[in-house]
Trainee: 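My questions all concern the structure below.
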Number of protein chains: 2
Amino acid sequence: MRRDVFQAIADPTRREIIGLLANKSLTLNGVAENFEISRPAISKHIKILTECGLVIIKQQGRERFCAVDFNRLKEVAEWVTQYHRFWNEKLDALGSFLEGE
Amino acid sequence: MRRDVFQAIADPTRREIIGLLANKSLTLNGVAENFEISRPAISKHIKILTECGLVIIKQQGRERFCAVDFNRLKEVAEWVTQYHRFWNEKLDALGSFLEGE
DNA sequence: GGTTTATGTAACTATTCGGTTGCAAAATTA
DNA sequence: TAATTTTGCAACCGAATAGTTACATAAACC
């Protein structure tokens, strides 16, 4: 079962969860309240997010608080920004490509 | 069928294809030569990449040259960097969270 | 102790994914 | 014109996804 950050953020619901948790940590039910889908569905998303380290959980009595560890997004940022010099410019294959090589 | 950039880059083979095409545009067979998997499998990956605008194809006789349009990666970069201020710092939920709120 | 609350988890379903093989079609080359 | 090359596409397959409902468990409250 592939479980990396890229796959974790591929799902729009999971990106929303990350957005929600950016401001304040929430319990699982607290997260679920913000969505239409069922609580177990959210639970599964959270599980995927914790499996790749994007979300950290702290048990507090019967509640489980979720928070985002944004350091894990670095991997994504690094992958994306390696191509930064290609944006808006025509240094890349697309440049000569569009100009008819 | 969801077909956005996040989902497109979720697959490691597709990220490799993007890396390959960053330097020079290649034909479909040219791309396929770099992988173990079959040509139709690569063809499907390319289709997904074109459907979300990450790859552009130019027909040239019987050959189809593929190039990456990196501008589409901006969407990803923007999503990621909105959380940039949270990295290495303890401004976020995780900070107070780990310190026992 | 009994009820409520927060969560986990199992079982199931439909759809999508990532791959395969086989065949068709169109352009190029001999 | 015939053979080769490049690609598209259909049909199929097994596994993963994203969701559901139903039930179990453990902590908290009365």
Trainee: Is A:T81 close to B:T81 at the side-chain level, that is, under 4.5 Å between some pair of heavy atoms?
Mentor: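 Of all side-chain heavy-atom pairs linking A:T81 with B:T81, none is under 4.5 Å.
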Trainee: Of the options D:dT17, D:dT7, D:dT21, whose atoms approach the side-chain atoms of B:L28 most closely?
Mentor: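 So the nucleotide nearest the side chain must be D:dT7.
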Trainee: Could I get the full list of side chain to side chain donor-acceptor pair (under 3.5 Å) partners for A:Q59, not counting sequence neighbours?
Mentor: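 Partners of A:Q59 by the side chain to side chain donor-acceptor pair (under 3.5 Å) criterion, ordered by chain and then number, come out as A:R64.
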Trainee: Could you work out which one of D:dA11, D:dG19, C:dT7 sits closest to the side chain of A:E63?
Mentor: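 Selected nucleotide (nearest to the side chain): C:dT7.
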Trainee: Could you pull out the closest heavy-atom pair between A:C52 and A:R3, with the gap in Å?
Mentor: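 Reported closest heavy-atom pair: CB-O, 3.8 Å.
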Trainee: Between C:dT16 atom P and B:D4 atom CG, what is the distance in whole Å?
Mentor: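 Rounded to the whole Å, the gap is 14 Å.
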Trainee: Please report the distance, rounded to the nearest Å, between CD1 in A:I42 and P in D:dT21.
Mentor: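 For the pair A:I42 CD1 and D:dT21 P, the rounded distance is 14 Å.
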Trainee: Given C:dC17, D:dT20, C:dG18, which nucleotide is nearest the side-chain atoms of A:K44?
Mentor: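 Nucleotide nearest to A:K44's side chain: D:dT20.
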Trainee: Looking at D:dT17, C:dT9, C:dT21, which one has an atom nearest to any side-chain atom of B:S38?
Mentor: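 In terms of side-chain proximity for B:S38, the closest of D:dT17, C:dT9, C:dT21 is C:dT21.
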Trainee: Roughly how many Å is it from CD in A:E16 to C1' in D:dA18, rounded to a whole number?
Mentor: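 In whole Å, D:dA18 C1' and A:E16 CD are 15 Å from each other.
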Trainee: Grab the CD1-P distance between B:I9 and C:dC17 for me, whole Å please.
Mentor: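 Distance, rounded to whole Å: 15 Å.
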Trainee: Starting from the 5' end of DNA chain D, give me the residue, B:G30 or A:T13, whose nearest nucleotide shows up first.
Mentor: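 Between the two, 5'-proximity favours B:G30.
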Trainee: Using whole Å, what does the distance between atom C1' of nucleotide C:dC17 and atom CZ of A:F6 come to?
Mentor: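 In whole Å, C:dC17 C1' and A:F6 CZ are 19 Å from each other.
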Trainee: For B:E51 and C:dT16, what is the distance between atoms CD and C1' respectively, to the nearest whole Å?
Mentor: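 To the nearest whole Å, that distance equals 13 Å.
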Trainee: Measuring from the side chain of B:I48 (C-beta onward, heavy atoms only), which nucleotide among C:dT7, C:dG19, C:dG18 has the closest atom?
Mentor: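 The answer is C:dG18.
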Trainee: Establish, with yes or no, whether the OP1 or OP2 oxygen of C:dT5 is under 4.0 angstrom from a side-chain nitrogen or oxygen of A:N29.
Mentor: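 No.
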Trainee: Hey, is the side chain of A:K47 poking within less than 4.0 Å of OP1 or OP2 on C:dT7, counting only N and O atoms?
Mentor: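 No, outside the criterion.
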Trainee: State, to 0.1 Å, how close A:G53 and A:D69 come at their nearest heavy-atom pair, and which atoms those are.
Mentor: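 Scanning both residues completely, I find the closest heavy atoms to be O-CB, 3.6 Å.
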Trainee: Looking at every heavy atom in both A:V55 and A:C66, which two are closest together, and how far apart are they?
Mentor: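 Looks like CG1-CB, 4.0 Å.
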Trainee: Can you tell which of C:dG18, C:dT9, C:dC17 lies closest to the side chain of B:Q7?
Mentor: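 For the B:Q7 side chain, the nearest candidate turns out to be C:dC17.
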Trainee: Might you point out which heavy atoms bring B:F70 and B:I18 nearest each other, and give the distance in Å?
Mentor: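 The answer is CE2-CG2, 4.0 Å.
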Trainee: Just the rounded figure in Å: distance from C1' of C:dT16 to CZ of B:R3.
Mentor: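 Nearest whole value for this atom pair: 9 Å.
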Trainee: Name the closest nucleotide to the B:I37 side chain, picking from D:dA18, C:dT20, C:dA6.
Mentor: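 Closest of the options to the side chain of B:I37: C:dT20.
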Trainee: Check the angle between the aromatic planes of B:Y83 and B:W79 and answer parallel, tilted or perpendicular using the 30° and 60° thresholds.
Mentor: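 Geometry flag for B:W79 against B:Y83: perpendicular rings.
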Trainee: Which nucleotides of nucleotides 22-30 of chain C have their base under 4.0 Å from a protein heavy atom (B), which only their sugar-phosphate (S), and which neither (-), written as one string 5' to 3'?
Mentor: B----BB--
Trainee: Could you pull out every donor-acceptor pair under 3.5 Å between side chains of residues 27-49 of chain B and any protein atom, sequence neighbours left out?
Mentor:
residue: B:T27; atom: OG1; partner: B:G30; partner atom: N; Å: 2.9
residue: B:N34; atom: ND2; partner: B:G30; partner atom: O; Å: 2.8
residue: B:S38; atom: OG; partner: B:A41; partner atom: N; Å: 3.4
residue: B:H45; atom: ND1; partner: B:R14; partner atom: NH1; Å: 3.0

Trainee: Among C:dT20, D:dG19, C:dC17, find the nucleotide with the atom closest to the side chain of A:H45.
Mentor: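 Shortest atom-to-atom distance from the side chain points to D:dG19.
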Trainee: Whole-Å distance between D:dT20 C1' and A:E36 CD?
Mentor: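 Taking atom C1' of D:dT20 as the reference, CD of A:E36 is at 15 Å.
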